[in-house]
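Everything below concerns the one structure shown next.
Computed from a prediction, not measured in an experiment: that's the story for all the values here. Just the heavy atoms: all of them, side chains too, but no hydrogens, waters or symmetry mates, feed the values below.
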Amino acid sequence: MQIPIFTVDAFTSQPFSGNPAAVCLLENDLDEDLHQKIATEMNLSETAFIRKLRPGDDFTKSSCFGLRWFTPANEVPLCGHATLAASAVLFHVQKNTNSVLTFVTLSGELKARQVEDRIVLDLPLYLTYPQALQEVEELIKAAVGDMIVQDLRYSPDTKKLLVRLSDAYERSVLEELQVNAQRFLSAEKTGKVKGLILTLKGNSSGKHKGHDFYSRYFAPWYGVLEDPVTGSAHAVLSSYWSEQLGKKEMLAFQCSRRGGELKISLRNDGRVDIAGQIAIVLKGNLTF
């Protein structure tokens, strides 16, 4: 069997930065266990599988496809950067002629469209609620030590914990923070956290001016110690920072080693548009 496969760096225009995802184009049904085996083999934070929904569908002409995402350890309900990567393969490699693509996923229907040099994802917007420190104190300590935490929120829909560091810190402090995410597994006692977001308010002056907020994202519960650039985490961050800053249009930067930029626009229908650039770095076939 041969399956076309691509590696796409998402949320960047530069090869070897942003967040890499593998994308598989499935002409036919794939055995259930092979999805996980391929994702484990690719060993990227996510491998996306695009499938045709009806006989006669075509990767160039059809506008609606099935989409699933797998980490090296398990299937996940939502992945922004791998959706961006999947859209890039359809738009740029398959030369799909539609202005809008729809993906049927575990998180409902997601739409992607091209706007200038970016691909815009229409994602769910997830609200956050105040989180008591004592319930997650050991996890916070494992993540940031004695750093000052300004706010603590929890997103029940995504099981993500949002930790806002003090506005007194610069971006460089977040970038240089040494995090041993493996320790989160034993430090998290509630069973309700599956992802940890560290975030910091942006700077209106200095060399990094222009970004409204910064973040880093850790998901050792899914076998991903640190994710380079995370669309799904920004579906949570967007609602929080929009409320804090009183803005609906924001520019965000994820401060991982690879780094990536996300352009955010809150919609009036309770969803969020997250736009990013892409770089396709590998084209080939899986053979087995």
Is there a donor-acceptor pair closer than 3.5 Å between any side-chain N or O of [X] and the backbone N or O of [Y]?
X      : Y      : value
Glu261 : Leu251 : no
His81  : Pro20  : yes
Gln36  : Thr71  : yes
Thr60  : Lys95  : no
Ser107 : Pro77  : yes
Asn19  : Ala10  : no
Gln178 : Asn180 : no
Ser256 : Pro228 : yes
Tyr169 : Ile148 : yes

Enclosure of Lys159 NZ (heavy-atom neighbours >12, cutoff 6.0 Å):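 At most 12 heavy atoms, drawn from other residues, nucleotides or ligands, come within 6.0 Å of this atom.
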Neighbour count >12 (heavy atoms, 6.0 Å) for atom CD, Gln244: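 Enclosed.
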Looking only at non-hydrogen atoms, find the nearest pair between [X] and [Y] and report the distance.
X      : Y      : value
Gln94  : Leu25  : NE2-CD1, 3.2 Å
Ile274 : Gly231 : CD1-O, 3.7 Å
Gln2   : Thr287 : NE2-OG1, 3.5 Å
Phe218 : Trp221 : O-CZ3, 4.0 Å
Cys24  : Ile3   : CB-CG2, 3.9 Å
Ser87  : Phe103 : OG-CE1, 3.4 Å

Please determine if [X] and [Y] form a salt bridge, counting it only when a charged side-chain N lies under 4.0 Å from a carboxylate O.
X      : Y      : answer
Asp227 : Arg216 : no
Asp29  : Arg51  : no
Lys37  : Asp31  : no

[X], [Y]: one ILVMFWY side-chain cluster at the under-4.5 Å cut-off?
X      : Y      : value
Val89  : Phe70  : no
Met147 : Phe213 : no
Leu286 : Leu44  : no
Val136 : Leu185 : yes
Leu110 : Leu237 : yes

Distance-only donor-acceptor check, side chains [X] and [Y], under 3.5 Å:
X      : Y      : result
Asp151 : Tyr240 : yes
Ser242 : Lys247 : no
Trp69  : Thr83  : yes

Point-to-point distance, once rounded to the nearest 0.5 Å, from [atom1] of [X] to [atom2] of [Y]:
X      : Y      : atom1 : atom2 : answer
Thr199 : Gln150 : OG1   : CD    : 10.5 Å
Leu262 : Leu84  : CG    : CG    : 9.0 Å
Cys255 : Leu200 : SG    : CG    : 7.5 Å
Leu177 : Leu165 : CG    : CG    : 7.5 Å
Phe288 : Ile38  : CZ    : CD1   : 4.5 Å
Leu106 : Cys79  : CG    : SG    : 12.0 Å

Stepwise salt bridge (Lys or Arg N to Asp or Glu O under 4.0 Å) test for Asp146 and Lys141: CA-CA 7 Å; Asp146 295 323; Lys141 191 110 178 120; 2.5 Å; yes
side-chain contact (heavy atoms from CB on, under 4.5 Å) between Lys160 and Tyr217, intermediate numbers included: CA-CA 10 Å; Lys160 295 189 197 321; Tyr217 180 67; 2.9 Å; yes
CA sep, side-chain torsions, deciding dist, call: Leu266, Met250, side-chain contact (heavy atoms from CB on, under 4.5 Å): CA-CA 9 Å; Leu266 273 75; Met250 295 174 288; 3.8 Å; yes
Qualifying residue for side-chain contact (heavy atoms from CB on, under 4.5 Å) with Leu161, from Leu139, Val236, Ile197: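 Among Leu139, Val236, Ile197, the one meeting side-chain contact (heavy atoms from CB on, under 4.5 Å) with Leu161 is Leu139.
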side-chain contact (heavy atoms from CB on, under 4.5 Å), paired with Leu152, selected from Val163, Thr128, Leu162: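 Between Leu152 and the candidates, side-chain contact (heavy atoms from CB on, under 4.5 Å) is satisfied uniquely by Val163.
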Charged tip of Lys192 within 45° of Tyr154 ring normal and under 6.0 Å: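 Checked: cation-pi criterion met.
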NZ or CZ of Arg171 within 45° of Phe253 ring axis and under 6.0 Å: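 Pair Arg171/Phe253 counts as cation-pi.
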Residue pairs passing the salt bridge (Lys or Arg N to Asp or Glu O under 4.0 Å) test where at least one lies in residues 61-70, sequence neighbours excluded: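 Residue pairs passing salt bridge (Lys or Arg N to Asp or Glu O under 4.0 Å), neighbours aside: Glu32-Arg68, Arg68-Glu75.
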Contact check, side chains of Phe59 and Val93, non-hydrogen atoms, under 4.5 Å: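 No - every pair of side-chain heavy atoms lies 4.5 Å or more apart.
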Heavy-atom side-chain contact between Arg267 and Asp273 under 4.5 Å: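 Side chain of Arg267 against side chain of Asp273, heavy atoms only: contact under 4.5 Å found.
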Audit row: Leu30, Met1, side-chain contact (heavy atoms from CB on, under 4.5 Å) steps and yes/no: CA-CA 10 Å; Leu30 188 65; Met1 183 185 270; 4.0 Å; yes
Derivation of the side-chain contact (heavy atoms from CB on, under 4.5 Å) call for His234 and Ser215: CA-CA 9 Å; His234 282 79; Ser215 67; 3.6 Å; yes
Indicate every side-chain donor-acceptor pair of residues 114-122 with a distance under 3.5 Å to a residue at least two apart or in another chain.
unit_1, atom_1, unit_2, atom_2, d
Asp117, OD2, Gln277, NE2, 2.6
Asp122, OD1, Arg271, NE, 2.6
Asp122, OD1, Arg271, NH2, 3.4

